[in-house]
Amino acid sequence: MPTTNASNSQPSSDPQPIDANEIPNRFDHAEAASQIAAAWDAAGCSHAEVNPDKPPFCVVIPPPNVTGALHLGHGLNNTLQDIVIRTKRMQGFETLWMPGTDHAGIATQAVVERRLKEDENLSRHDLGRDELVKRIWEWKAQYETRIIGQLKRMGCSCDWQRLRFTLDDTCAAAVRATFFDLFGQRMIYRGKRLVNWDTFLQTAVSNDEVENVTQKGHFWHFSYPVIDAKPGEPTSVEIATTRPETMLGDTAVAVHPNPEKAFDKVESELRAKLADASDKEKADVEKQLEQLAERRTKMLPGLITLRDMAADGRMLKLPLTDREIPLIADEWAKPELGSGCVKITPAHDPNDYEVGLRQDLPMINILNTDGTLNEEGGKYAGLNMKQARKAVVADLDELDLLGEVEDREIELPHSDRSKTPIEPFLADQWFVKMDTLAQSAMDAVSDERVKIFPERYRKGYLDWLGEKRDWPVSRQLWWGHRIPIWSVTGIDAKAAKDLVAKLQKLPAATTGELKEQTETLDDGTMGVFVCLRGEDAAAQAEIESLGLVQDPDVLDTWFSSALWPHSTLGWPEKTPELDYFYPTATLITSRDIITLWVARMVLMGLNNVGKIPFDQVFIHPKILDGLGETMSKSKGNGVDPNDVIDKFGPDALRYGLARIATDTQDVRMPVQYECPHCGKLIDQTKKNRSAKTVDCKFCKKTFSTQWAESESDKAHSRAPVVSERFETARNFVNKLWNASRFTLMNMEGYEAKPLEVASLPLEDRWLLSRLATVTDQVTKGIETYKFAEASRILYDFAWDEFCSFYVEIAKPRSADEATRATTQVVMAHGLDTLLRLLHPMMPFVTESIWSYVGKAAPVRGVPVPAESSSMLMTAAWPQADASHHDPAIERQFAEFQEVVGAIRSIRASQNIAPREIVPVAIRTSESSQELLSPMKTSLESLANCEVITLGPDAVAFETDAPLSLSSIDIDVHVDLEKFIDVEAELARLEKLKDQVIKQITGKESKLNNENFVARAPEEVVAKERESLAELKQQLASVKGDIERLQAKSG
RNA sequence: GGGCGAUUAGCUCAGUUGGUUAGAGCGCUACGUUCACACCGUAGAGGUCACAGAUUCGAAUUCUGUAUCGCCCA
């Protein structure tokens, strides 16, 4: 049974032979993984402490949000972090991987509220704030456990003793300290701003949480009557809108201040476009120009009149209300669109809001927080937007003020969280001033104190920060860090002054834990705002007794996430951890949160600690489903890593993910349900991916999915979701396991001994050289985030070189007493290095094998053996021995491999049964003879042949199948006397001849090109000439072979 | 509308500074269970590198444009 010897007593340094029966021929990951994890845990392998004797290496986990379980995207993210972490740990760093989860304000509250509605038909208001928050904590507990369980099963070597949560006391202290500091620096301010209002969740959401959905809508034309129109002036103004109901909040109608110039501008833009338009576009642009000219003629006089009316202060009657609104001149009105006039609703449209600010217009909020109309809506109060729209349009029609209704596609913003339409809404919000903060974060990346890989992501980061938009941090939610501000509003100046005087006498104020600001509000009254630095119940009670009330809102989740690299290390306390581990080394994350999260961590780290939070950022690809869509909890296409682990094992999951992590593109992962009844695979589709149950199309039985919630759904067996893309990795784990098994079974009589490398046979020196190269490549690969490359190099080396050649050659060598001992030493060393290099990617299987190797060959290494550590996880990372690196040896071994390939190829084309031993003759130069002679046994074993002659004197057999390896000047001949199949042999030779002729033709035409010969580098030309000569020689030889064979067959 | 990326074998993807006949895994074909491994071995078939131009002696690779897809921003 596989186990790590960590649980054993001190490993014996006497080799103990391992019996074949002791190791099963499959790695039983289900059994082994939990034992190995327990052993790591018991030994405290992943715990880090401040350790001045070692350099620190720290990574903070991108805290998964507790909304739901992890999917393969997180699987990839965490696998890559663990690969880096394990490598660094083996390299001797004091390695801390800081784990934790994120409270994810809106997302988590939304799921819990949705569940509340579905299960109990209750709203959060029915439940009350405290009770809802309690329910969310329960949800959090459940999912945090689930998430951490998933990470642990994947083998993530986080320091679990340091587990944090963005809403725990440590993080809360950091949030309070930060907010207090920014408040004191006057970088936090309060403002009425138009926010994206989610009427379902009744909260503002950030721009980043809004997605635009294109929908079919209408463009309604209305007429607003002009009050006291003068002679010659129109008696009404026509406007057009996609949102008729918002007219109740109109406070102006705008016309362009210079319609003529506006037309000119549009026209010149179109002409510029025409100038460099393709033929195809030309017609279209010309048509637009025509229409514009027509429009200009028709509308310009009217627009000029309206502009003059606006200048003259003409008022309009807003229908359905008793309000009069001004006709104003503003550039937001587009003469080329609609009627050329636009209604202005500052409280309910972002552009109109800007106009309202410019023109100093009243801002009338017509909405309640739940999306129904308020008293400003007059008789429409209480209706929702949809009902109001219908009523408004009908009533305008009744008044004969409704004009044309056009069909039009409109972009409607939707809340990413609730999937309901967003209403622009005027609300009180707290903002963080971003100018200096953003600049500091831009500088950190511009001057490369923080390096982003792949580099192309720098641009997005810099562009986004460059806008320096202030950050609205209020969220009208109950789940999150409560904004630490208490306020009184609507008081006069004297009352404010008195209050401030009282506040300043409080103990908290004298210790600098309380700051207050006084502001004049929109309505002319005063407001006093107090911020408290810490959770100080006494201070809080005192403030509240003075009549101040705490802001009901909570902070944007990203506010606490932005502090993650330093809050988790104990900031604002000056902890030894912060001193030692901060700045962290690298951040590994996904591209969609570069701005939301990465940028904010940089600026908050600089503001709070005065140092960047990490030196490097690596952005990894995203995992897409079979349809090319990103995996997400809301779409239902996420795959649970546990499903993959159950079927393929944790090592296969990790290796499979690492292998696809290239930095060029995202990865498609078609997945299937595995029917729990018949075991067949059913493709996951858009239709079935979020279903709670699915009917198997093969056995027709019903199975449940990860979405099943009701008892009746859960009564069906659950189908795991799997992907055949992990089979390769699973097979690789098995290959490694079995190669190790073979190695271990041949360790009987093992004796550690120093070796003199120069005197070792070719294959040993080849292996050592390859180990040195691969060690370098893999180390460099991991250190530069080339995970796919590193994993590919290891796969190819382990499979195609270690297994297919070294182990195969070791078979006859192990059987021979004379060569056995050396073979064991080199093979143990090879396996040892391979296990170390593979450990970060495949920790479980390598740790398991390691314990066996520790028994069979406890002291090992080339050239000088040493006692190995009992646990691979804490063993040393291999150092490439530069003296072992030998390109000449690698070239010579390649010759050997070519000869083996040639014999195998002839055998296959002759359909010679694998068990038949064929006689071969190999013509070589004298130097190759010297090289290959000692390899004769290996050659015979690998190609299942008998070498009759080897050297310059070797000649063709009478019934001969030849293959000329002209590039290495070797001819291989196989005696076909017993096996001849003339037809097959002729076919093979003819095919070969055609191939060679094709190549010769290509080369000749290249070399006949004077330009090539004259302009290409000499060495390239020489190489081509040489290669052509070889090909010609090969052709002659093949032609001769064909003739001989034809003569023989007569 | 702007930015970033992708397009290579039936599928999923590699492809270094431009240079022999463009690679891998899966799938497919043929043969094979001699005791590490059938989650295996050996051999093989399969590609107009999205399209059109340009640069170059030479382009999957560099440049320009087009198409399609994806993501981000407005």
Side-chain angles (χ1 to χ4, degrees), chain A residues 20 23-27 207-208 211-212 278 280 350 411 454 456-460 463-464 467 590-592 594-595 621-622 624 626-630 648-649 652 656 659-670 723-746 786 788-789 792 795-796 799-800 803-804 807-808 810-811 900-901 903-915 917 941-944 967 988 991 995-996 998-999 1002-1003 1006-1007 1009-1017 1019-1021 1023-1024 1026-1028 1030-1031:
Chain A
I23 312 178
N25 70 353
R26 295 274 166 86
F27 174 54
N207 283 335
D208 313 302
E211 52 181 5
N212 285 314
S278 65
K280 216 171 90 188
E411 292 249 303
R456 63 174 181 275
Y457 291 113
R458 276 169 58 114
K459 188 172 159 50
D463 287 352
W464 185 83
E467 293 181 24
S590 166
R591 84 173 91 84
D592 35 14
I594 294 174
T595 54
K622 304 200 64 158
L624 313 177
L627 303 160
E629 296 183 37
T630 62
F648 299 106
R659 192 179 167 80
I660 58 183
T662 61
D663 65 13
T664 49
Q665 63 180 331
D666 294 339
V667 179
R668 271 189 198 217
M669 174 95 55
S723 172
E724 60 184 24
R725 299 207 58 194
F726 290 100
E727 279 176 14
T728 304
R730 189 263 323 266
N731 295 350
F732 182 44
V733 170
N734 185 250
K735 187 72 179 178
L736 178 72
W737 178 259
N738 276 291
S740 308
R741 180 169 178 257
F742 171 83
T743 303
L744 291 160
M745 282 159 47
N746 282 282
K786 308 271 185 209
E789 194 183 334
R792 201 199 68 239
Y795 182 99
D796 291 347
W799 203 305
D800 298 337
C803 291
S804 294
V807 169
E808 289 304 324
K811 285 176 181 174
V900 172
I903 301 169
R904 284 174 172 174
S905 161
I906 294 170
R907 295 184 63 115
S909 63
Q910 281 292 311
N911 294 320
I912 298 172
R915 62 175 65 215
I917 295 171
S941 144
L942 279 166
N944 204 28
S967 63
R988 178 181 76 88
K991 193 178 156 194
Q995 279 173 356
V996 174
K998 206 172 136 196
Q999 285 174 56
K1003 298 248 181 250
K1006 202 171 191 179
L1007 284 162
N1009 181 344
E1010 280 174 35
N1011 271 328
F1012 172 70
V1013 180
R1015 305 173 99 143
E1019 63 217 54
V1020 173
V1021 178
K1023 214 165 139 194
E1024 288 296 308
E1026 196 180 316
S1027 145
L1028 177 63
E1030 280 164 7
L1031 285 166

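Throughout, a chain's letter reflects where its sequence line sits, starting with A, and its residues are numbered from 1.
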Would you call Glu808(A)-Lys811(A) a salt bridge at under 4.0 Å N-O? yes
Between U8(B) and G2(B), how far is it from one P atom to the other, in whole Å? 26 Å
Contacts of Gln910(A) meeting side-chain hydrogen bond (donor to acceptor under 3.5 Å, both in side chains) (sequence neighbours excluded), chain-then-number -> Glu985(A)
Could you say whether Ile912(A) or Phe732(A) is positioned toward the 5' end of RNA chain B, judged by the nucleotide with the nearest heavy atom to each? Ile912(A)
Give a yes/no on whether any side-chain N or O of Arg904(A) is located under 4.0 angstrom from OP1 or OP2 of G41(B). no
For a side chain to side chain contact (heavy atoms under 4.5 Å, CB included) check, start with the C-alpha distance between Phe1012(A) and Leu1007(A), then their side-chain angles and the critical distance, and finish with the verdict. CA-CA 7 Å; Phe1012(A) 172 70; Leu1007(A) 284 162; 4.1 Å; yes
Do the side chain of Lys459(A) and the base of C4(B) come within less than 3.5 angstrom through a donor-acceptor pair of N or O atoms? no
Distance between the P atoms of U68(B) and A74(B), in whole angstroms? 25 Å
Identify the pairs formed between an N or O of the protein and an N or O of nucleotides 23-27 of chain B at a distance under 3.5 Å, and give each distance.
residue	atom	partner	partner atom	Å
G25(B)	O2'	Thr728(A)	OG1	2.2

Mind checking the P distance from G47(B) to C11(B)? Whole angstroms is fine. 13 Å
Mind checking Glu808(A) for me? I need base, sugar-phosphate or nothing, with any heavy atom below 4.0 Å counting as a touch. base
So, using side-chain contact (heavy atoms from CB on, under 4.5 Å) as the criterion, who are the partners of Asn944(A) when residues are at least two apart? Arg907(A), Ile917(A)
Return the set of residues passing ring pair (Phe, Tyr, Trp, His ring centres under 6.0 Å) with Phe732(A) (not counting sequence neighbours), or none when no residue passes. Tyr655(A), Tyr795(A)
How would you list, by chain and number, every residue that makes a salt bridge (Lys or Arg N to Asp or Glu O under 4.0 Å) with Glu1024(A), sequence neighbours excluded? Lys1003(A)
Once hydrogens and angles are ignored, does a donor-acceptor distance under 3.5 Å link the base of C39(B) to the side chain of Arg730(A)? yes
Got a sec, which residues hit side-chain contact (heavy atoms from CB on, under 4.5 Å) with Ala788(A), two or more places apart in sequence or on another chain? Thr662(A)
Euclidean distance, atom CG of residue Asn738(A) to atom P of A38(B) [Å, nearest integer]: 7 Å
If one requires at least 3 consecutive Watson-Crick or G-U pairs with distances under 3.5 Å, the stems of RNA chain B turn out to be B:1-7 with B:67-73, B:10-13 with B:23-26, B:28-32 with B:40-44, B:50-54 with B:62-66
Under the side-chain contact (heavy atoms from CB on, under 4.5 Å) rule, collect the residues that match up with Val996(A), sequence neighbours excluded. Ile1000(A), Leu1031(A), Gln1034(A), Leu1035(A)
Using the C1' atoms only, state how far G25(B) lies from U61(B), rounded to an integer number of Å. 23 Å
Can you check whether Trp737(A) reaches Ile23(A) side chain to side chain, under 4.5 Å on heavy atoms? yes
In whole Å, I'd like the distance from the CD1 atom of Ile906(A) to the P atom of U42(B). 17 Å
With rounding to the closest Å, how many angstrom separate the C1' atoms on G46(B) and C73(B)? 43 Å
Can you list the residues that meet the side-chain hydrogen bond (donor to acceptor under 3.5 Å, both in side chains) rule with Lys735(A), with sequence neighbours excluded? none
Identify all pairs in which a protein N or O lies below 3.5 Å from an N or O of nucleotides 56-60 of chain B, and state each distance.
residue	atom	partner	partner atom	Å
C57(B)	OP1	Arg1015(A)	NE	2.3
C57(B)	OP1	Arg1015(A)	NH1	2.8
C57(B)	OP1	Arg1015(A)	NH2	2.8
C57(B)	O4'	Asn1011(A)	O	3.4
C57(B)	O2'	Asn1009(A)	ND2	3.1

Find which nucleotide of RNA chain B each of Arg26(A) and Leu624(A) is nearest to by heavy atoms, and output the residue with the more 5' nucleotide. Arg26(A)
Partner set under side-chain hydrogen bond (donor to acceptor under 3.5 Å, both in side chains) for Glu1026(A), not counting sequence neighbours: none
If we take the C1' atom in both U17(B) and G53(B), what is their distance in whole Å? 26 Å
Please list, chain by chain and in numerical order, all residues satisfying side-chain hydrogen bond (donor to acceptor under 3.5 Å, both in side chains) with Arg458(A), sequence neighbours excluded. Glu448(A)
Under 4.0 Å between a side-chain N or O of Trp799(A) and OP1 or OP2 of G41(B)? yes
Could you check whether the side chain of Gln910(A) and the base of A43(B) have a donor-acceptor pair of N or O atoms closer than 3.5 Å, going by distance alone? no
